[in-house]
Amino acid sequence: ILKSRRLDEDTKAEIEELLISADVGVEATEYIIKKLEEKKSEDAFGTLKEVLIEILSKPNGLNIPVEKPFVISMVGVNGSGKTTTCGKLAAMFREEGKQVVIGACDTFRAAAIDQLKVWAERAGATFISHMEGADAAAVAFDAVNHAISKSKDVVILDTAGRLHNKRHLMEELAKINRVIKKVLPNAPHEVLLVIDAVTGQNGLQQAKTFREIVGVTGIVLTKLDGTAKGGIAIAIAKELGIPIKFVGVGEGLEDLKPFNPHDFVEALLA
Amino acid sequence: GLREKLSNAFRVLSGKGKITEKNIEEAVQIVKTSLLAADVSYKVVKEFVENVKKRALGEEVLKSLTPDQMFIKIVRDELVRLLGEREPLKLVHNPSYVMMVGLQGTGKTTSAAKIANYLKKQGKRPILVAADTYRPAAIDQLEVLGRKIGVPVITGDRRNAIKIVQDAMRQVKDSGYDVVILDTAGRLHVDEEMMQELEEIKKMIRPDEILLTVDAMAGQDAVNSARTFNERLEVTGFVVTKLDGDSRGGVILTIRYITGKPVKFVGVGEKVDDFDEFYPDRIANRILG
Ligand SMILES: Nc1nc2c(ncn2[C@@H]2O[C@H](COP(=O)(O)OP(=O)(O)OP(=O)(O)O)[C@@H](O)[C@H]2O)c(=O)[nH]1
Ligand SMILES: Nc1nc2c(ncn2[C@@H]2O[C@H](COP(=O)(O)OP(=O)(O)OP(=O)(O)O)[C@@H](O)[C@H]2O)c(=O)[nH]1
Ligand SMILES: [Mg+2]
Ligand SMILES: [Mg+2]
């Protein structure tokens, strides 16, 4: 269907609909179409693919420090897939022969600790938790200290879902960072913002606010096994330059892949 | 916001001389851009602005002294009309079954407890059924919530959703509980096996309500999931969750337009009391930004 053609008015309209329907958003879509107009290519869709890949191609490796432990904090709005992704990431590191500690910093939501415990068991990670209602920062402190004293390689901290417009909840997250830094000044080495691929333009605001308050180093885009294209990742890459590091493609332990711009764009344009 | 943009557009237009059918297109584009930024489905936006344009021309907005105000009134009225009226739960049978369905993480389990709490406050005798056998600790989650609100939770053998529902039906018969609220596992609308599970459950319990939970921050793809869930199950209404966020919630117009089914409740927080009835004019203002 996407055969070689120039960027005429019909093609422009088709591309606009394709990108908007993929959640790329109005602004990023306008920018992309402008880029296509500048390039004057004979193959609009081929060039579109290149432009999208270029926007998404950012260094997306993990910032693994020289000294153990490597501390990762998982943040994001309610229901995006943080807890499940903690399990998947832990399994990934276990595959590499690494020792993993999981910290249950969601001390608020019903059965959050139980849920994460199951994932820690499945992944073969040490599980650090306190009582429900305990101070989330205290759990983080405990988990990092445990990893240091037992010489573990990775600490993954699950945090409670929170909407970015809730100031006091965002402050709690900032506090967790400060408390971790008391033990390990460069930690957390990664703060991964978990975003559901179904998310619309509000995802841009999520990324802005989380980065502003807790310093996001990368994004995990989940539920890409659905029909949502996750084009919000393009808006975020273009607007904020935050790299997508992983994608979630299912509910199982194995369903996490490193982000590949080519595959992502192919699927988006399909 | 939208109001300022439109008032500027019409001022510029009237400054250029007579407002014509051709240049009202600019106002239409402003509305289109605004609704797309609010996450309303692309196709719905196209049809919506076409209707607005027809009405604007028909009502001679162009001849009005305040065309921008008339225009935005038409947009707002159209939006409120499409968002529909608030409709109550229709609980006809005894016991009535309310089935919660939806994509992963949209708020089914939390909303099941909220609805149970809401009905209990109205003097009903609700009971919850935990039929999510997939997500770790999903059953525990509903049990904790049930304890909090003083509503019993049926959990069955925890391994087979169909069996849990069968056992629950036996238990609630002649039990005095008049509403059974069933929590199900989150699932993709394209997961054939999981959609069949819902169809099978529906056949068994013949629910009075099938409520699809939708996340207020959902984007363009919601048109696909809402349509599919509705086509396969004939949902009776929506619960739109996480409206305490700052998403404009254009998905609400999409799901209304595509299915015609009513929004019965909105979730406005994580606590069990953070639960409201649907007010279309409030939602219209939010979508218009
Ligand atoms: N299909 C699919 N489902 C996913 C994916 N990642 C997570 N989920 C599901 O999404 C739902 C929510 O996942 P959680 O891990 O509980 O999300 P969370 O962000 O920890 O939620 P809160 O802690 O309540 O904010 C669960 O049903 C998961 O199984 C994914 O990549 N694909
Ligand atoms: N802020 C806010 N959070 C909500 C609302 N409704 C649900 N949540 C939160 O969203 C997250 C997901 O809620 P769940 O009830 O577990 O969602 P679910 O649909 O049952 O998830 P699955 O069973 O995994 O598909 C939890 O963190 C809830 O506390 C709401 O109206 N506002
Ligand atoms: Mg969680
Ligand atoms: Mg649930």
Side-chain angles (χ1 to χ4, degrees), chain A residues 16-27 29-30 77-84 87 108-119 121-122 132 160-166 169 195-203 205-206 209 222-223 225-232 250-251, chain B residues 32-34 36-43 45-46 103-110 113 134-148 185-191 214-225 228 241-242 244-251 267 269-270:
Chain A
E16 177 190 85
E17 178 165 3
L18 181 63
L19 295 179
I20 299 275
S21 302
D23 287 317
V24 172
V26 175
E27 279 196 41
T29 297
E30 286 179 354
V77 301
N78 305 73
S80 60
K82 298 173 292 299
T83 303
T84 309
F108 168 73
R109 207 209 67 211
I113 296 172
D114 298 313
Q115 181 190 7
L116 186 63
K117 186 156 195 269
V118 172
W119 284 112
E121 286 165 358
R122 286 179 184 176
E132 186 175 303
R162 68 205 67 218
L163 298 180
H164 52 285
N165 57 318
K166 308 250 167 125
L169 295 181
I195 298 185
D196 188 328
V198 168
T199 310
Q201 296 312 299
N202 192 252
Q205 196 53 47
Q206 288 174 27
T209 308
T222 60
K223 308 179 200 173
D225 46 318
T227 52
K229 302 284 182 161
I232 193 62
E251 301 189 73
Chain B
K32 176 182 171 197
T33 302
S34 176
L36 289 177
D39 292 322
V40 181
S41 150
Y42 190 87
K43 287 209 164 69
V45 171
K46 271 186 116 175
L103 296 173
Q104 290 90 346
T106 47
K108 296 173 291 300
T109 304
T110 309
Y134 304 90
R135 170 174 153 154
I139 294 177
D140 303 272
Q141 184 185 3
L142 194 62
E143 281 185 308
V144 170
L145 293 173
R147 261 198 305 279
K148 227 184 229 149
R187 66 204 66 212
L188 298 175
H189 52 293
V190 290
D191 186 331
V214 176
D215 196 321
M217 66 181 92
Q220 296 285 320
D221 193 63
V223 70
N224 297 319
S225 47
T228 304
T241 60
K242 308 178 202 171
D244 46 318
D246 58 10
S247 163
R248 279 173 58 190
V251 67
E270 294 194 72

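A note on names: the letters A, B, ... follow the listed sequences, proteins ahead of strands, and every chain is numbered from 1. No experiment lies behind these values; they were computed from the predicted model shown.
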Problem set entry | Under 3.5 Å: donor-acceptor pair, side chain of B/Thr241, backbone of B/Thr106 | yes

Exercise. Which bit of A/Gln115 comes within less than 4.5 Å of chain B, counting heavy atoms only: side chain, backbone, both or neither?
Worked result: both

Problem set entry | Which of B/Ala216, B/Ala38, B/Ala218, B/Gly186 touches chain A most, by non-hydrogen pairs under 4.5 Å | B/Ala218

Exercise. Given that the side chain runs from C-beta out, which part of A/Val198 has a heavy atom under 4.5 Å from chain B: side chain, backbone, both or neither?
Worked result: both

For this session: Among A/Asp196, A/Leu163, A/Ile232, find the residue that satisfies the side chain to side chain contact (heavy atoms under 4.5 Å, CB included) test when tested with B/Met217.
Result: A/Leu163

Exercise. For A/Glu27, does the CD atom have more than 12 heavy-atom neighbours from other residues, nucleotides or ligands under 6.0 Å away?
Worked result: no

For this session: Sort B/Glu270 into side chain, backbone, both or neither according to what part of it lies under 4.5 angstrom from a heavy atom of chain A.
Result: side chain

For this session: Inspect the contact between A/Glu16 and B/Lys32 and indicate whether a charged nitrogen and a carboxylate oxygen are less than 4.0 angstrom apart.
Result: yes

For this session: Measure distances from A/Lys166 to the heavy atoms of chain B and classify the residue's part below 4.5 Å as side chain, backbone, both or neither.
Result: side chain

Exercise. Highest number of heavy-atom pairs under 4.5 Å with chain A: which of B/Asp191, B/Val251, B/Asn224, B/Asp39?
Worked result: B/Asp39

Exercise. With side chains defined as the heavy atoms from C-beta onward, is the minimum distance between A/His164 and A/Asn202 less than 4.5 Å?
Worked result: yes

Problem set entry | Nearest-0.5 Å distance that lies between atom OG1 in A/Thr227 and atom NE2 in B/His189 | 3.0 Å

Exercise. Using 4.0 Å as the upper bound for N to carboxylate O, is an ion pair formed by B/Arg147 and B/Glu143?
Worked result: no

For this session: Could you check which of B/Lys43, B/Arg248, B/Arg135 has the highest count of heavy-atom pairs closer than 4.5 Å to chain A?
Result: B/Arg135

Exercise. Heavy-atom distance under 4.5 Å to chain B: side chain of A/Glu17, backbone, both or neither?
Worked result: both

Exercise. Which of the residues A/Thr199, A/Thr84, A/Thr222, A/Thr83 is involved in the greatest number of heavy-atom pairs with chain B at under 4.5 angstrom?
Worked result: A/Thr199

For this session: Give a yes or no answer on whether the side chain of B/Lys108 reaches the backbone of B/Leu103 with a donor-acceptor pair at less than 3.5 Å.
Result: yes

Problem set entry | Side chain / backbone / both / neither for A/Gln206 at chain B, heavy atoms under 4.5 Å | side chain

Exercise. Most heavy-atom pairs under 4.5 angstrom with chain B, which of A/Asp114, A/Val118, A/Val26, A/Asn78?
Worked result: A/Asn78

